Number of protein chains: 2
Amino acid sequence: MGVKERKERDKLEMRDKILQSAHKLFLEKGFDQISLRSIAEAIEYSPATIYLYFKDKNEIFHALHQQGFGMLNQAFQPLTQIANPFERLKEMGKAYIQFATTNPEVYDLLFIRTEPMEHLATCLDDQWTEGDRAFDVLLQTVKGCQQQGYFVGLDTQNMSMVIWSFIHGLCALGISKHISHVKEARDNQMVIDEIMNNTYDTFKAMLERLKS
Amino acid sequence: MGVKERKERDKLEMRDKILQSAHKLFLEKGFDQISLRSIAEAIEYSPATIYLYFKDKNEIFHALHQQGFGMLNQAFQPLTQIANPFERLKEMGKAYIQFATTNPEVYDLLFIRTEPMEHLATCLDDQWTEGDRAFDVLLQTVKGCQQQGYFVGLDTQNMSMVIWSFIHGLCALGISKHISHVKEARDNQMVIDEIMNNTYDTFKAMLERLKS
DNA sequence: ATTTAAAACTGAACACCGTTTATTAATTTT
DNA sequence: AAAATTAATAAACGGTGTTCAGTTTTAAAT
């Protein structure tokens, strides 16, 4: 009777087991240190077995990608409470940076690595729904700010892109070890965080001045 | 007599030959499609030979990294002619975006990939001189802008970081195929360029407003 | 000119990687 | 109990970066 159902459950369980192991290895060793073989070993199955549940490695990473977006959305959840759009915008940036610095590998997967995007492009149903949704949240917030006199005369979409570009650029540089110039010190994570915070504070100060 | 000198010349020539082949393959096939074996084949030597001239693959990429900075500096060369710092700043951004979109693989190597930075970290003499220098150019330009009434009251270094973060973020998103939301269209390079230009125009408009 | 020392180069191997296929083992259906 | 279906795997394929014991080429010394 319920044998078919059980099999489906088993299938999903196995998928999940694979993903969990992948996620764990991913956090421990970073993106390009994970191999199908290491995942297979972790779940105590042969490497070939994984191919019964996933088309290829990219599909696994795409699944992790979606999972990562779940984490990001969760981090953004509390912000919906903030009624004032400009305050919300500022807190969004803070939360975004916080997310990126505490989950650098995940951020890398979500916004820097091209593999998940490339896999997406092969999916026929080619669209980055998670990305679209997240960007729309930003868009609405910016629109709210404009209704309160910020950024007037500037296109909402372009302004949102400016903000996203800045925040992403800051996080990307921070994560990828490309901030070393700013002489204060080198390679010390504490210091990099400090630079990122200072930079973000300055950006906020800029935005403040754009109120008419 | 001059045999030692000739040998040294030969050694450098070989290094250069390897680098040239690497650079060519790099432009043709992209970063992670280059293998030492393909480089070896291109120069018609055995893979093992390469290890007589480079410690490992990362050292090759670090050399390409430096070479890429040479290209970037060259692209920035004409800008020194522009006396007005704010005009120069705006053209710098334009040139930077131009460079990134026409040489995406090089940009990727210079500012996104972590491998060259990681190799650098193992170099004892650990410092990113090329990066430092380029950032200093930006810093001086921002300082010039401030002397003309722009961004007053904002820290020069932080302001420079804001600008670099924005431009880098824009380029990184453009290159890495993460711009697809902005609904106008999908995956069309023309459109991505357009979005980048619009975003940059908006950023410039923002900066314009920050004159006291 | 011949031997010797050194430098340049390479074939073959090692330990990995993602992926495919033929085969075996387990389970469900008949 | 037999047949059919499903699940799992061992083994192989073609690829990767890297190492090292040898060979070949070159220069120096005799």
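Computed from heavy atoms alone, side chains included, the values below leave out hydrogens, waters and symmetry copies. Quantities reported herein were computed from a predicted structural model and do not represent experimental measurements. In what follows, every chain begins at residue 1, and chains take the letters A, B, ... in the order their sequences are listed.
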According to salt bridge (charged side-chain N to carboxylate O under 4.0 Å, His left out), who are the partners of B/E91, at least two apart in sequence or on a separate chain? none
Expected list for residues 31-44 of chain B near DNA chain D, using heavy atoms below 4.0 Å, is B/I34, B/S35, B/L36, B/R37
Short of 4.0 Å, heavy atom to strand atom, which residues of residues 47-66 of chain A count as contacting DNA chain D? A/A48, A/T49, A/L52, A/Y53
Output for pair (B/N103 CG, B/F26 CZ), nearest 0.5 Å, gives 9.0 Å
Nearest whole angstrom, please: distance from the C1' of C/dT28 to the NZ of A/K11. 15 Å
Sort and list the pairs that fulfil side chain to side chain donor-acceptor pair (under 3.5 Å) and have at least one residue in residues 35-55 of chain A, not counting sequence neighbours. A/S35-A/S38
Salt bridge (charged side-chain N to carboxylate O under 4.0 Å, His left out) filter on B/K17, not counting sequence neighbours, yields none
Rounded to whole Å, how long is the line connecting atom NZ of B/K17 with atom C1' of C/dC9? 13 Å
For A/E87, all residues meeting salt bridge (charged side-chain N to carboxylate O under 4.0 Å, His left out), sequence neighbours excluded: A/K90
For A/D201 and A/K204, what are the C-alpha separation, side-chain angles and deciding distance, and is it a salt bridge (charged side-chain N to carboxylate O under 4.0 Å, His left out)? CA-CA 5 Å; A/D201 286 343; A/K204 280 192 290 189; 3.7 Å; yes
Between B/Y96 and B/Y107, do the side chains contain an N or O donor and an N or O acceptor separated by less than 3.5 Å? yes
So B/H65 and B/W128, would you call those rings parallel, tilted or perpendicular, with 30° and 60° as cut-offs? tilted
Expressed in angstrom and rounded to an integer, what is the separation of A/D10 atom CG from C/dA26 atom P? 16 Å
